[in-house]
Amino acid sequence: MARKFVLAPDNQVARTSLTINYQDELNPQQYDVVTSGAGPSLVVAGAGTGKTRTLIFRVAYLVETGVPPDHILLLTFTRRSAAEMLNRASQLLDGRCQRVRGGTFHAYALSILRRHAPSIGYPRNFTILDSGDSADVIDVLRTASGFHKSDKRFPRKRTIYSIISACSNGEQDVAEVVADKYPQFVDMIDKIGILREQYHQYKLTHGLMDYDDLLSKTVLLFENNRALRDSESARCRHVLVDEYQDTNRLQARMVAHLASVHRNVMAVGDDAQSIYGFRGADTKNIFQYPEIFEGTTIYKLEHNYRSTQQILNLANTLIEQSTVRYDKKLFTEKPDGELPAIVGAADDQYECRFVCQMIMRLREEGIPLHRVAVLFRNSHNSFGLEIELNRRNIPFIKFGGLKLNEAAHIKDVLSYLKILENPRDAVAWTRVLQLLPGIGPKTAADLVEWISSRGSEAFELTGRSHSPRYIDGLKKLFNMLRAASVTTISLPRQIEMVLEYYDPILKEKYYEDFPKREQDLEQFASLTDQFKDRESMLSSMALDPIELTALDADGEEKDEQPLVLSTIHSAKGLEYHTVFVIQALDGVVPSTYSLKEPGGLDEELRLLYVAVTRAEENLFITYPMVQYRRFQGDYMVRPSRYLDEISDAILEPWTLVETPTPSSQKLLS
C-alpha cells in the first residue's frame, strides 16, 4: 500500500527541521509574531521592544520554512534599514535572505515605473526632481501666469509646492489642503489649482517626476492595469512593512494592492510614535488597518529592552493622555533606576548652565559625551545651549543639517548628469545655462525652449544664432556634453569630465569657500564606484540623500566623540544613556500651531513620548520659568501641559539653587 505524505503550508513545517531555535531566541510576544501563520497581521511594537530583531527573525523564519526569498517583499523607510535587516537575517540563517526583495516604498515604486512609465505617457529615462527643483518649476509657472502680481499676497513657491505635495500624499484636493493648513490663502484656491495642473503638465512634457509622483503614478498604474497589479502582487507571497505608522495614504493603498492576491501582509508599527504628520504621514492608517485587511490578527510587543522601569512608567503615563491609541504597557526586566527629573530653571541661561554642568558631571562619572543627547522641539530651541557649550569647550554635533545633494554645488554637478540622462530635463538645463556668463533667466528660458525642440540634436549648436555674450561658454558646455554622452564612457569618467569642466565655474561662483566645496565634490565622486550606471546613481541620490557636507563639518579633530544635539524628529529610532529634553514649555511642546490642527495635540504628545523613550538610564526634562520676549521684556511661562497631571512619584521635581556644593545633583553651582 502506498504511503501518504501530507504537505504542510509553506510557513508551517516540523519544528525539528528548523536550524534556528526561535523559542529560545525570542521572548513569547516576539515568538508569536515570528511564527504566525498566513493572513494579515498588525504588530503594535512599543519603543525599544526589539521590532527590528522581530522582523529579522520573521524574514529568516519565512525563508527557512520554504517561502522563496524573492517572493518576500520587505518595505522600509530607508534603504539602509532594509539592507541591515537582510544582512542580519543572512547572518542568522544563510545567504538566501539576501535574495529577499527589500527597499523603500519609493525605490520599489521606481522599479515599477522604469518598466511601465510609457503606459502613462512618460519615458523610461524620466528624471526625478527634488523639492528645490520642484519649487523652482512652480516659480517659473507662477511668474508666467502673472499670479505674482496679485493685489493680495500670493503664496511663495515652496508654500505652493507644499500644498501640491500634501494633495498627492494625502489624496486631497487643493481646497481641502488650503482650508486645513493654509486658510490665509482660501481666496486663491482656484489659482493654486491652476498652478497644480500646469505643474503636472510641465513634468509630463519634459519627462520629469517628483518624489510624490513615484507613489501616485505607481498606484495609478495598479488601478488602471489589473493584470499588472495582479502580476506584481502574485510575486509577493509575503509583504512585510516596517514603521507602518509613518505611511501616508498612497503608501497604505500600495500595500493593499501588493497584498491583494495572497493577503499575507504583516505591518509593524507603533501608533504612539506617529510624529510625521507634517510630511503627510497619516496615523489613521494604523488604526484602520484591521478594517482594510479583514481578519487581521493584532499582536503587541511590550517587553522593553532599552529603558529603566522608571522611565517607562513616565512614558506609559504620558501616552495614556492620547485620545486614540492601541492599549499597551511597556515593561522591562532591568533593575530599578533613578526617577526621571523635571527641572524648572529661573530662565534660559540657568537652564543652559544646568544642562552643561550635568553633562560634565556625567562625563566625569564615565558616561561618554556621545552617549548623551539633548533633544528639543525646534532647531532654534538649542541656540542658547550651543553658545554655553562652546563657552565651556564641550564638543557637540547637531543633527538636522544640509543633505549633500541639496548643496548648491552638488546640485550643479547633478544637473549636468541629469541632462546626459534625459536631454528633455528643462529644470537641469535652466540651472546649468545660468551658470554661464551672459545668461540670465529669460535667455535661459529661450534656450531651453529651443533645445527642447531639437530632440536627438539637443547637444548641437547649429540651426540658431547666439549672442557673443555667451557663445563661447555655450560651446564649451555643449562640447563637454557631447563628449560625455558617448555610450562607451564609464560613469566615473563621465563624472570626471563634468568636474573638469565645472572646476573653473566652482572657483568663480563660490570663491569664498570653494575649497570646502571641492571636498564635497571629491566625496561625491568617490561614491560613484558603487553604481553600475548613471541612471542608478541619479535614482539613488534622489531616493537616499547623503546627510553631511563639508560645509557643515568642523575641520578640527576632536579628542573625543561629541555630545549629540538633535530635534526630537531626528532622534526617532535612536537611544542614549542620558537624555535631556530642553525647553519643555507649553507653546513649544505642544506647539502653538498644533492647537489649530485636527489631531495636532495628540501628535505633539506622541512627540514628547518619543523623546522620553530615547533614554536608557537618565532622563531630565527642563524648562525656563521666565523668558525674554522682544518688546515685552520678561514674562512667565509654564511647562508643557502634558506634564501637569504627572505625579511626583513618577516625575521628580528638582530645584536649582546657586551654591558651590558639589555633592548634590539637584544644586546648580
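Shown here are the side-chain hydrogen bond (donor to acceptor under 3.5 Å, both in side chains) partners of Gln251, two or more places apart in sequence or in another chain: there are none. Judged as a salt bridge (Lys or Arg N to Asp or Glu O under 4.0 Å), and not counting sequence neighbours, the contacts of Glu616 are Arg371. In this view, Asp136 and Lys157 satisfy the side-chain hydrogen bond (donor to acceptor under 3.5 Å, both in side chains) rule, not counting sequence neighbours. In terms of the ring pair (Phe, Tyr, Trp, His ring centres under 6.0 Å) criterion, Phe383 has no residue partners (sequence neighbours excluded). Taking the side-chain hydrogen bond (donor to acceptor under 3.5 Å, both in side chains) definition, one finds that Asp282 meets it with Arg249, sequence neighbours left out. Residues satisfying the ring pair (Phe, Tyr, Trp, His ring centres under 6.0 Å) test with Phe278, not counting sequence neighbours, are His569. Not a single ring pair (Phe, Tyr, Trp, His ring centres under 6.0 Å) links His370 to another residue, sequence neighbours left out. Residues meeting the side-chain hydrogen bond (donor to acceptor under 3.5 Å, both in side chains) test with Asn313, sequence neighbours left out: Gln309. Scanning for salt bridge (Lys or Arg N to Asp or Glu O under 4.0 Å) contacts around Glu320 gives Lys329, with sequence neighbours left out. Judged as a salt bridge (Lys or Arg N to Asp or Glu O under 4.0 Å), and not counting sequence neighbours, the contacts of Asp586 are Arg638, Arg641. Among residues two or more places apart in sequence or in another chain, the ring pair (Phe, Tyr, Trp, His ring centres under 6.0 Å) test is passed with Phe580 by Phe620. Looking at residues two or more places apart in sequence or on another chain, you find a salt bridge (Lys or Arg N to Asp or Glu O under 4.0 Å) between Lys334 and Glu617.
Cation-pi contact between Arg353 and Tyr350: present, with separation from the ring centre below 6.0 Å and deviation from the ring axis of at most 45°. Cation-pi geometry between Arg279 and Tyr276 is met: the NZ or CZ atom falls under 6.0 Å from the ring centre, inside 45° of the normal.
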For this session: List the steps, then state whether ring pair (Phe, Tyr, Trp, His ring centres under 6.0 Å) holds for Tyr642 with Tyr609.
Result: CA-CA 10 Å; Tyr642 302 131; Tyr609 173 89; over 10 Å; no
For this session: Quick one: do Lys572 and Glu243 satisfy salt bridge (Lys or Arg N to Asp or Glu O under 4.0 Å)? Show the steps, please.
Result: CA-CA 11 Å; Lys572 184 174 175 288; Glu243 304 285 9; 3.2 Å; yes
For this session: Kindly determine whether Ser81 and Thr78 satisfy side chain to side chain donor-acceptor pair (under 3.5 Å), including the steps that lead there.
Result: CA-CA 5 Å; Ser81 63; Thr78 67; 3.0 Å; yes
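In this structure, a donor-acceptor pair under 3.5 Å is present between the side chains of Tyr510 and Asp412.
Of all heavy-atom pairs between Asp212 and Ser168, the closest is CB-CB, 3.9 Å. Listed here is the closest heavy atom pair of Thr49 and Glu302: CG2-C, 3.7 Å. For the residue pair Val626 and Val637, the shortest heavy atom distance occurs at N-CG2, 4.0 Å. Summarising the geometry of Pro340 relative to Ile311, their closest heavy-atom pair is CG-CA, 4.0 Å, with the distance given to 0.1 Å. Scanning both residues, Ile128 and Asp210, for their nearest heavy atoms gives CG2-C, 4.4 Å. Shortest non-hydrogen contact noted between Pro395 and Glu560 is CG-CG, 4.4 Å.
In summary, of the residues considered (Val413, Asp133, Leu129, Leu208), a side-chain contact (heavy atoms from CB on, under 4.5 Å) with Lys418 occurs for Asp133 alone. Just one of Leu506, Leu414, Ile505 meets the side-chain contact (heavy atoms from CB on, under 4.5 Å) condition when paired with His409; it is Leu506.
Using a 4.0 Å cut-off between charged nitrogen and carboxylate oxygen, Asp270 and Arg325 do not count as a salt-bridge pair. Look at Lys51 and Asp242 and you find a salt bridge, because one of the NZ, NE, NH1 or NH2 atoms lies within 4.0 Å of a carboxylate O, short of that distance. Here Glu575 does not pair with Arg614 in a salt bridge; the nearest charged N to carboxylate O distance is not below 4.0 Å. Using a 4.0 Å cut-off between a side-chain N of Lys or Arg and a carboxylate O of Asp or Glu, Glu364 and Arg361 do not qualify as a salt bridge. In summary, Lys398 and Glu386 engage in a salt bridge, as defined by a charged side-chain N under 4.0 Å from a carboxylate O.
For the pair Thr247 (side chain) and Tyr244 (backbone), a donor-acceptor distance under 3.5 Å is present. Looking at Ser307, its side chain does come within 3.5 Å of a backbone N or O of Ala615 through a donor-acceptor pair. With hydrogens and angles ignored, the 3.5 Å screen pairs no side-chain donor or acceptor of Thr622 with any backbone N or O of Glu351. Checking side-chain atoms of Gln273 against main-chain N and O of Val610 turns up no donor-acceptor pair under 3.5 Å. In this structure, Ser591 contributes its side chain and Val588 its backbone to no donor-acceptor pair below 3.5 Å. Looking at Ser415, its side chain does come within 3.5 Å of a backbone N or O of Lys411 through a donor-acceptor pair. No side-chain donor-acceptor contact under 3.5 Å links Glu388 to the backbone of Cys352. Between the side chain of Ser594 and the backbone N or O of Pro590 there is no donor-acceptor pair closer than 3.5 Å. No donor-acceptor pair closer than 3.5 Å links the side chain of Ser165 to the backbone N or O of Tyr161. Side-chain atoms of Arg306 come within 3.5 Å of backbone atoms of Thr613 as a donor-acceptor pair (strictly under, hydrogens ignored).
The number of heavy atoms from other shown groups lying within 6.0 Å of CD (Glu645) does not exceed 12. Residue Glu508 qualifies as open at atom CD: its count of foreign heavy atoms under 6.0 Å is 12 or below.
Between atom CG of residue Asn304 and atom CG of residue Leu312 there is a gap of 4.5 Å, rounded to the nearest 0.5 Å. The structure places CG of Leu499 at 8.5 Å from CG of Asp503, a figure rounded to the nearest 0.5 Å. Rounding to the nearest 0.5 angstrom, the gap separating the OG1 atom in Thr567 from the CG atom in Asn378 is 8.5 Å. Of the inter-residue distances, the one linking Leu318 atom CG with Ile650 atom CD1 reads 9.0 Å to the nearest 0.5 angstrom. To the nearest 0.5 Å, atom CD of residue Glu338 and atom CD of residue Gln310 are 8.5 Å apart. Atoms CG and OG, on Leu110 and Ser539 in that order, are 4.5 Å from each other to the nearest 0.5 Å.
When ring centroids are compared, His303 and Tyr305 come within the 6.0 Å threshold.
Taking 4.5 Å as the limit, some side-chain heavy atom of Ile397 sits within range of a side-chain heavy atom of Pro562. Between Gln627 and Asp348 the shortest side-chain heavy-atom distance falls below 4.5 Å. Taking the side chain as every heavy atom from C-beta outward, Leu75 and Tyr108 approach each other to under 4.5 Å.
Classified by interplanar angle (parallel below 30°, tilted 30° to 60°, perpendicular above 60°), the ring pair His106/Tyr211 is parallel.
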